[in-house]
Structure formats: structure tokens, C-alpha cells
Amino acid sequence: ARAPLAAVLYTLVSLGPVLGLVDIYFFRYSLVTDHYQYVAMPGLITLIVGGGVHLARIRNIDGPAMKVAATGLVIVLAGLTWQQVGIYQSPQRLWRDTLAKNPGCWLAHNQLANMVRSSQKVDDARQHYLAALELIEQQFGTGHVETARVHNNLGMLLGQASREAPRPELMPQAVTHLETACRIDPARGEYVKNLAGVLREQGRLERAIGRLRNFVGRHPDSRGTWIVLAECLEDAGRQAEADEARRHGRLDDPRRQQP
């Protein structure tokens, strides 16, 4: 009786973290964690195999019959593994399979759009981003912090597509999405730097400088933002202010501080 109890307890303990008993980061995105059942499977496998052997002994099932049954089981499991492994041939195939099984997975839409490398497919990527935004709002409400990430990604995509293809109408749309990302999650320096970069390309230096100054005023330890601010100030011909901003950026880097 101890062996079956040990197998059951092992399975339950192994599943404990993914049942919500422990707070784990990925719960932010999904409460379903099927692949973590692999950690608990040895307990169940041991219990099933041990139970099968015990039952065979009770019913006097001979060795050849057990070998045939074991061989058949291995063949079936090998076939299932071969079928499953095809899903992992590429990230795109994995995320498309995820959407086929879970159409409400906004993260899959976001990841598929992130993999677009050609400006010719920008419209497909945009549809994935818009689908992700719609799903997030349905699941978490309007203005959820995760929408900032998608707006930022969409803004960067449109900005890149505007550079690579003769589609100047995409750049204002890029600015709109990047502005939205900064408004929803104002503490992310990455979003502000991306916005400033696009504004800088448009020649809207004063607006870029204003957004950067506002951010470093609230987050003075953001070295990267200080450096981007210095570059924008240099482009605007304000060298003294650029030097001061660059000094702040270097001071925030412990490797560059003087002893």
C-alpha cells in the first residue's frame, strides 16, 4: 500500500505549483500549463505499470503476453510522439497550433505578428496585433497594461514598414500606437524611447525631447533614456543640453563612474 500512496503523493506534490498553490509569473498570461504535467507523469506511470504487473501476476498472465502488450504500448506512444513533435518544427507552427486549439490566446496572436520580417506581410501582422488587442480587452478590460505591449509592437511594425515600403501613411499610425503604449504604461522606458525614435525620424524633435524629458524627470536613473535624449538634443543643435543629458546617462552607469 505504501508504493501506490507514494506514487499518488509524488503526483500531487509535483502538480502543486501549477495548480495555483504557488504564485508563478506565467499565471499572468495563462492558468493552463499542460506541459508541466510532464513533471508529475513519472508518478502516474509508475502507478499504472506497477498496477498492470500486479494484475498480470494475479491472473497468471505469462511473459510473452506481457511482452506483446508492452511492445504494442510502445508503438502507440511512439506514434503519438511522432504526431506531436511536428508541432515544434518552427515557432510559427507552434503558435498557429496554439490558436487552432485556443482561439482566445492573445499571446499567440502577438507572437505570430512579432515573427513577421517582411514589409509585404505587414497587413497580416497588423491583423494579428489587432486581434490580440481585442482579446485582451475582452478578457481583462480596456486599458489593461498588456495592451501597451501590443500597441508598442504594432507601432514599431508600422514604423519599419513605412521605412521599407513607399507607404508614408503608416508613420502617423505608428506614432498613434506608440503614444497609446506610453499612456497606458508610462513607466516603461522602452516605449518612450521607441516613440522618440519615430518622432525623431519625422523631424519632430521638440516633441520627442519633451516626451523624453518628462520620462527622465520621473525616472532619473534610466540611463538609456538619457542617452536617447542627448542624441535628440544634438540633432536639435542644443549641444550644451546634450552634453548634460549624456553626463547623466554616464553617471547612471556604474562602469563609467570615476573612483
Participant: Taking Gln139 for its side chain and Glu134 for its backbone only, find out whether a donor-acceptor pair lies under 3.5 Å.
Facilitator: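 Looks like no, no N/O pair under 3.5 Å.
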
Participant: Check whether the side chains of Gln160 and Glu164 place a donor and an acceptor atom closer than 3.5 Å, and report yes or no.
Facilitator: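 Yes - a donor-acceptor pair under 3.5 Å links their side chains.
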
Participant: If you take all heavy atoms of Leu212 and Cys232, which pair is closest and at what distance?
Facilitator: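 So the two residues come closest at CD1-SG, 3.9 Å.
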
Participant: So, Asp123 versus Gln127: side-chain donor-acceptor pair below 3.5 Å or not?
Facilitator: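 Short answer, no.
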
Participant: Does the Trp226 side chain pair with the main chain of Arg247, one donor and one acceptor, at a distance under 3.5 Å?
Facilitator: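 Checking the backbone N and O of Arg247 against the side chain of Trp226, no donor-acceptor pair under 3.5 Å is found.
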
Participant: If you compare all heavy atoms of Gly155 against all heavy atoms of Ala174, which two are closest, and at what distance to 0.1 Å?
Facilitator: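 In terms of heavy atoms, the two residues are closest at O-CB, 3.2 Å.
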
Participant: Membership question, hydrophobic clusters at under 4.5 Å side-chain separation (ILVMFWY): are Val192 and Ile227 in the same one?
Facilitator: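 No, Ile227 and Val192 fall in different hydrophobic clusters.
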
Participant: Ignoring hydrogens and angles, tell me if any N or O in the side chain of Ser222 forms a donor-acceptor pair with the backbone of His219 under 3.5 Å.
Facilitator: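 Side chain of Ser222 to backbone of His219, a donor-acceptor pair under 3.5 Å: no, none is there.
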
Participant: Between Leu130 and Leu157, is there a shared hydrophobic cluster once you connect ILVMFWY residues whose side-chain heavy atoms come closer than 4.5 Å?
Facilitator: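 Hydrophobic grouping puts Leu130 with Leu157.
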
Participant: Does this structure show an ion pair linking Arg211 with Glu206, if we count only N-O contacts that are shorter than 4.0 Å?
Facilitator: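 Answer for the salt bridge query: no.
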
Participant: Are Arg213 and Glu241 close enough, and set up right, to give a salt bridge (Lys or Arg N to Asp or Glu O under 4.0 Å), and what steps lead you there?
Facilitator: CA-CA 11 Å; Arg213 282 198 182 281; Glu241 296 176 68; 2.8 Å; yes

Participant: Val216 vs His248, test: side chain to side chain contact (heavy atoms under 4.5 Å, CB included). Steps then yes/no.
Facilitator: CA-CA 10 Å; Val216 296; His248 278 288; over 6 Å; no

Participant: Picking from Ile136, Asn110, Leu133, Leu107, what satisfies side chain to side chain contact (heavy atoms under 4.5 Å, CB included) with Glu146?
Facilitator: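 Going through Ile136, Asn110, Leu133, Leu107 one by one, the side chain to side chain contact (heavy atoms under 4.5 Å, CB included) with Glu146 is satisfied by Ile136 alone.
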
Participant: Testing the basics here: between Arg149 and Tyr191, what is the closest heavy-atom pair and its distance to 0.1 Å?
Facilitator: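 Heavy atoms of Arg149 and Tyr191 come nearest at CA-OH, 3.3 Å.
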
Participant: Assess whether a salt bridge exists between Arg207 and Glu179, defined as any Lys/Arg side-chain N lying under 4.0 Å from an Asp/Glu carboxylate O.
Facilitator: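 Result for this pair is yes, salt bridge flagged.
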
Participant: Would Glu137 and His144 satisfy side chain to side chain contact (heavy atoms under 4.5 Å, CB included), going step by step from the backbone distance to the final call?
Facilitator: CA-CA 7 Å; Glu137 292 181 355; His144 189 272; over 6 Å; no

Participant: Looking at Gln83, I'd like to know if its CD atom is crowded, meaning that more than 12 non-hydrogen atoms belonging to other residues, nucleotides or ligands lie closer than 6.0 Å.
Facilitator: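 Incorrect, the count does not exceed 12.
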
Participant: Side-chain contact test, heavy atoms from C-beta onward, threshold under 4.5 Å: evaluate it for Arg238 versus Ile209 and give yes or no.
Facilitator: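 A side-chain contact exists here, since the closest heavy-atom pair is under 4.5 Å.
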
Participant: Do the side chains of Lys101 and Asp97 get close enough for a salt bridge, i.e. N-O under 4.0 angstrom?
Facilitator: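 So Lys101 pairs with Asp97 through a salt bridge.
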
Participant: If every non-hydrogen atom of Pro186 is compared with every non-hydrogen atom of Arg218, which pair is closest and at what distance?
Facilitator: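 Closest pair (atom of Pro186, atom of Arg218, distance): O-NH1, 3.3 Å.
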
Participant: Can you name the closest pair of heavy atoms from Ala181 and Asn152 and give their distance?
Facilitator: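 Distance-wise, the nearest heavy atoms are CB-N, 3.8 Å.
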
Participant: Taking atom CG of Leu170 and atom NE2 of His177, what is their separation to the nearest 0.5 Å?
Facilitator: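 Between Leu170 CG and His177 NE2, I get 10.0 Å after rounding to 0.5 Å.
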
Participant: My understanding is that only residues two or more places apart in sequence, or in another chain, count here; which of them pass side-chain hydrogen bond (donor to acceptor under 3.5 Å, both in side chains) with Gln92?
Facilitator: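 None.
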
Participant: Take Arg163 and Glu201 through the salt bridge (Lys or Arg N to Asp or Glu O under 4.0 Å) test and state the conclusion after the steps.
Facilitator: CA-CA 10 Å; Arg163 299 182 201 103; Glu201 287 186 44; 2.7 Å; yes

Participant: Any side-chain to backbone donor/acceptor pair from Ser162 onto Leu158? Under 3.5 Å, distance only.
Facilitator: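 Side chain of Ser162 to backbone of Leu158: no pair is present.
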
Participant: Look at the side-chain heavy atoms of Ile, Leu, Val, Met, Phe, Trp and Tyr, link any pair under 4.5 Å apart, and say whether Met41 and Val49 land in one connected group.
Facilitator: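 Same cluster.
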
Participant: Check the hydrophobic clustering (I, L, V, M, F, W, Y; side-chain heavy atoms under 4.5 Å; chains of links allowed) and say if Leu178 and Val150 are grouped together.
Facilitator: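 No, no single cluster joins them.
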
Participant: What distance separates Met115 CE from Ser90 OG, expressed to the nearest 0.5 Å?
Facilitator: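 It comes to 8.0 Å.
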
Participant: Taking Thr98's backbone N and O only, do any of them form a donor-acceptor pair with Asn102's side chain (distance below 3.5 Å, no angle check)?
Facilitator: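 Judged by distance alone, no pair lies under 3.5 Å.
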
Participant: Quick one: pull up CE in Met156 and OH in Tyr129 and give me the separation to the nearest 0.5 Å.
Facilitator: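 Between atom CE of Met156 and atom OH of Tyr129 there are 10.0 Å.
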
Participant: Quick check: closest heavy atoms across Val228 and Ala196, and the distance to 0.1 Å?
Facilitator: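 So the two residues come closest at CG1-CB, 4.3 Å.
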
Participant: Do Phe140 and Ile184 belong together in a cluster built from hydrophobic side chains that touch within less than 4.5 Å?
Facilitator: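 Result: no, two separate clusters.
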
Participant: Just verifying a value: how many Å separate Met171 CE and Leu199 CG, rounded to the nearest 0.5 Å?
Facilitator: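 Met171 CE to Leu199 CG: 9.5 Å, rounded to 0.5 Å.
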
Participant: So how far is it from Asp124 CG to Arg126 CZ, rounded to the nearest 0.5 Å?
Facilitator: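 Atom-to-atom, Asp124:CG and Arg126:CZ are 10.5 Å apart.
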
Participant: Side chains of Arg246 and Glu234: does their closest heavy-atom pair fall under 4.5 Å?
Facilitator: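 Side-chain contact under 4.5 Å: yes.
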
Participant: Taking the side chain from Arg223 and the backbone from Gly249, do they hold a donor-acceptor pair closer than 3.5 Å?
Facilitator: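 Looks like yes, one N/O pair under 3.5 Å.
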
Participant: Heavy atoms, side chains only, cut-off 4.5 Å: are Asp185 and Thr147 in contact?
Facilitator: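 Asp185 does not reach Thr147 side chain to side chain.
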
Participant: Rounded to the nearest 0.5 Å, what's the gap from CG on Leu94 to OH on Tyr88? Could you check?
Facilitator: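 Between atom CG of Leu94 and atom OH of Tyr88 there are 6.5 Å.
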
